[in-house]
Amino acid sequence: MKKVLSLVSVVALAMFMALWTPLAQGQAVYGSIFGTVTDPSGAAIPNVKVAVTDQTKGTTDEVTTNDSGNYSVTHLIPDTYSVRVEGPGFKATEQKDIVVSADTSVHADVQLTVGSNSEQVEVTAESPQLKTDRADVATIFNDRAVEDLPLFNRNFTALVLASPGTQQLGWSHASSENPQGSLQTKVNGQTFAGTGFQLDGTDNRDPILGIIIINPTLESVTEAKITSQNYDAEFGQAIAGVVASQTKSGSNSVHGSIFGFRRSDAFQARDPFAQSPRAKNPITGRTIPPSLYGQYGASIGGPIVKDKLFFFGDYQATRSKIGSSFLQSVPSALVRSTCGNASSGVCDLSEYANVIYDPLTGAADGSGRTPFAGNLIPNNRLSPQAVALLNEFPAPTSAGLINNFAAGGNGVFNNDQFNVRIDDQTTSKLHTFGRYSFAKYTLTGNAAFGLLGGNGFGTGGFAGGSKSRDQSLAAGFDYALSTSVLTDFRFGYVRYHVNVAPNGVGTTPATAVGIPGLNTGTSFTSGQPSFFVGS
């Protein structure tokens, strides 16, 4: 019983705090419009009706100016709005095409003209004014900028680099753990993990890796705001910057899009170092590994109930074969022909400049050891496991000792992703929304030396298989108790689930070459072990 009472007390306290949240001019999900209504002489006009209408949805919020002629309409979904003011003895005045962004406030003053209320004055929205209501330093990209900016692979997180004071790191997380392609970017010199990602006002960042979880499709984003300094206290996890993105909502008319992008190796130039004409693929006869990147999808949004209930949804698929070529170092032809060969008697390493010492001589700390004369090691000193591993390497494709093997191949990367959002203007005081996002990634790639290992042909040099299923759920409502008291509730759930299978899972290559105690019959101990030569 005590536990039940305690839970009820916590819920009651949370509701009390929500009801008494002070009025805010901007929130992570919403924007606002505020201003002053004056007469031709510049005097404030109190108690006149101000109607703020969403030009695409047809929904309207009405307020009344206070004794100082000021009005404020908060919790507006990012969109284009009009402001209509009516007062006795004045012409009705309407100001159109006011663009409202999330976490921003738009200043829209209205000056009324003396006349009949049946007459109307229409005013075109003015140029953006100097921001005086907040101190944050931010860059805002609307839906057109998000779609039209040249983003490689249409990667949303590349937008961060379009903001001042940002720098991309020279390294990134393993592609198997970051299939969504989150770019690691420093903001104002701070660590990349200090940048917070928000999607519809809910957290969208993995706290361990510090990367975005749902990398939004460009078709689903209505705007993105990248704040680099002086962001609000509600973004508590951020210490470097905040990337707040908003998903699209439906309108009173049905709108949609269909898109497709494709590129291939047909017009790629050959790498003169890693793609030698002498190292053609024996099956295809090509020196450039086949590459294919295709991305396609569609979106649609519209009304379920006109002026009240709206929907939006989109789907995006990515199908790619990632061709890559690189150079690796393998044992020379002389080493392959002599080491382990009973007829040669010695393993001939004379081509290598490093001096090889006999480990059976000298002190325990390695001092005083005797080098093998001419780097010739008797074959009876070699373990059969070492000889077996040596024979697993492919023959060199070019002369020399370093980078003497040209490897080429491709990996597969597939992605399916969709978003669904519903908005409901339940009453003139209550607005609710809900969104669900899902992303599935599959990444595979072989290794340059097969089960022996080596650099992989998958994205980022990955060898093995990776499957990821990421999900995000956001819901919320806002309710106006009065002109000065609002409630705002948001719920967010995010799931980041990655399953990585390294190269050779299920195989027993260590057992095959005679190394005991490593491949013990479980999938966890299967595959090729790592070998480190030296100290």
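Only a predicted model underlies this, so the values are computations on that prediction, with no experimental measurement involved.
Rounded to the nearest 0.5 angstrom, L199 CG and I213 CD1 are separated by 10.5 Å. Taking NE2 from H75 and OH from Y30, the interatomic distance works out to 6.0 Å, rounded to the nearest 0.5 Å. To the nearest 0.5 angstrom, D307 atom CG is 6.0 Å from F310 atom CZ. Rounding to the nearest 0.5 Å gives a distance of 8.5 Å between CG of D97 and OG of S82. Taking CZ from F433 and CZ from F312, the interatomic distance works out to 14.5 Å, rounded to the nearest 0.5 Å. Summarising the geometry, atom OG1 belonging to T104 is positioned 9.5 Å from atom CD1 belonging to I33; distances are rounded to the nearest 0.5 Å.
A donor-acceptor pair under 3.5 Å is absent between the side-chain atoms of S472 and the main chain of R495, judged by distance alone. At least one donor-acceptor pair under 3.5 Å links the side chain of N188 to the backbone N or O of S228. N155 places a side-chain N or O within 3.5 Å of a backbone atom of G181 that can act as its donor or acceptor partner. In this structure, the side chain of S68 does not engage the main chain of N70 through any donor-acceptor pair within 3.5 Å. Without hydrogens or angle criteria, T65 side chain to I45 main chain gives a donor-acceptor distance under 3.5 Å. A donor-acceptor pair is defined here as one N or O able to donate and one able to accept, closer than 3.5 Å; such a pair exists between the side chain of R490 and the backbone of G201. Within the 3.5 Å criterion, the main-chain N or O of K186 finds no donor-acceptor partner in the side chain of Q168. In this structure, D54 contributes its side chain and G58 its backbone to no donor-acceptor pair below 3.5 Å.
Ring centroid separation for the pair F192 and H173 comes in under the 6.0 Å cut-off. Between H107 and F34, the ring centre distance stays below 6.0 Å.
Geometric assessment of R263 against the ring of Y293 yields a positive cation-pi assignment under the 6.0 Å and 45° thresholds. Judged by a 6.0 Å distance limit and a 45° cone about the ring axis, K225 is not positioned over the six-membered ring of F141.
Residues in residues 457-480 take part in no salt bridge (charged side-chain N to carboxylate O under 4.0 Å, His left out) pair, two or more places apart or across chains. For residues 411-424, every residue pair satisfying the salt bridge (charged side-chain N to carboxylate O under 4.0 Å, His left out) rule, not counting sequence neighbours, is listed here: D200-R421, K308-D424, R319-D416, R421-D423.
Looking at every heavy atom in both residues, V254 comes nearest to P303 through CG2-CD, 4.0 Å. The shortest non-hydrogen separation linking A240 to V187 is O-CG1, 3.5 Å. The shortest heavy-atom contact between Q246 and P78 is CG-CG, 4.2 Å. Closest of all the heavy-atom pairs between S324 and F457 is OG-CD2, 3.6 Å. Heavy atoms only, all atoms of each residue included: A92 and E86 are closest at CB-CG, 3.8 Å. Across all non-hydrogen atoms, the minimal contact from S466 to V500 is OG-CG2, 3.9 Å.
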If you apply the rule side-chain contact (heavy atoms from CB on, under 4.5 Å), what do you find for Y71 with V85, and how did you get there?
CA-CA 11 Å; Y71 75 93; V85 182; 5.7 Å; no
Could you check Q180 against Y441 for side-chain contact (heavy atoms from CB on, under 4.5 Å), going step by step and ending with a plain yes or no?
CA-CA 7 Å; Q180 63 270 30; Y441 302 90; 3.3 Å; yes
Would you sort out whether S101 and E223 count as a side chain to side chain donor-acceptor pair (under 3.5 Å), showing the intermediate values?
CA-CA 7 Å; S101 299; E223 72 168 35; 3.0 Å; yes
Between V48 and T64, is the side-chain contact (heavy atoms from CB on, under 4.5 Å) condition met? List the steps.
CA-CA 5 Å; V48 295; T64 303; 6.0 Å; no
Residue pair K248, S299: steps toward the side chain to side chain donor-acceptor pair (under 3.5 Å) verdict
CA-CA 10 Å; K248 290 180 180 178; S299 68; 5.6 Å; no
Given the rule in the side chain to side chain donor-acceptor pair (under 3.5 Å) test, do S182 and T157 qualify, once you have shown the distances and angles that lead to the verdict?
CA-CA 6 Å; S182 178; T157 58; 4.9 Å; no
For Q471 and I214, run side-chain contact (heavy atoms from CB on, under 4.5 Å): C-alpha distance rounded to whole Å, both residues' side-chain angles, the deciding distance at 0.1 Å, then the answer.
CA-CA 7 Å; Q471 301 175 71; I214 294 294; 5.8 Å; no
Working note: R435 + S437, criterion side chain to side chain donor-acceptor pair (under 3.5 Å); need CA distance, chi angles, decisive distance, verdict.
CA-CA 7 Å; R435 172 195 50 81; S437 299; 2.7 Å; yes
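A heavy-atom distance below 4.5 Å is found between the side chains of P40 and V114. Between K57 and Q425, every side-chain heavy-atom pair lies at or beyond the 4.5 Å cut-off. With contacts defined as side-chain heavy-atom distances shorter than 4.5 Å, the pair S175/L443 qualifies. Contact of the R144 side chain with the V146 side chain is not registered, since no non-hydrogen atoms from C-beta on lie closer than 4.5 Å. Y496 places a side-chain heavy atom less than 4.5 Å from the side chain of I211. Between V160 and L183, the closest side-chain pair of non-hydrogen atoms is not below 4.5 Å. For the pair T318 and F413, the minimum side-chain heavy-atom distance is below 4.5 Å. Contact annotation: the side chain of Q95 never approaches that of Y81 to less than 4.5 Å [non-hydrogen atoms, C-beta and beyond].
Checking each of V243, I212, N215 against N204 for a side chain to side chain contact (heavy atoms under 4.5 Å, CB included) leaves exactly one that passes, namely I212.
Between F261 and F259, the angle of the ring planes lies from 30° to 60°, which puts this pair in the tilted group.
Under the 3.5 Å distance criterion, with hydrogens and angles disregarded, a donor-acceptor pair is assigned to the side chains of T53 and T60. Side chains of N419 and Q316: no donor on one and acceptor on the other come within 3.5 Å. Side-chain atoms of T442 and N414 include no donor-acceptor pair closer than 3.5 Å. No side-chain donor from either of T166 and T185 sits under 3.5 Å from a side-chain acceptor of the other. Looking at D314 and T217, their side chains do bring a donor and an acceptor atom within 3.5 Å of each other.
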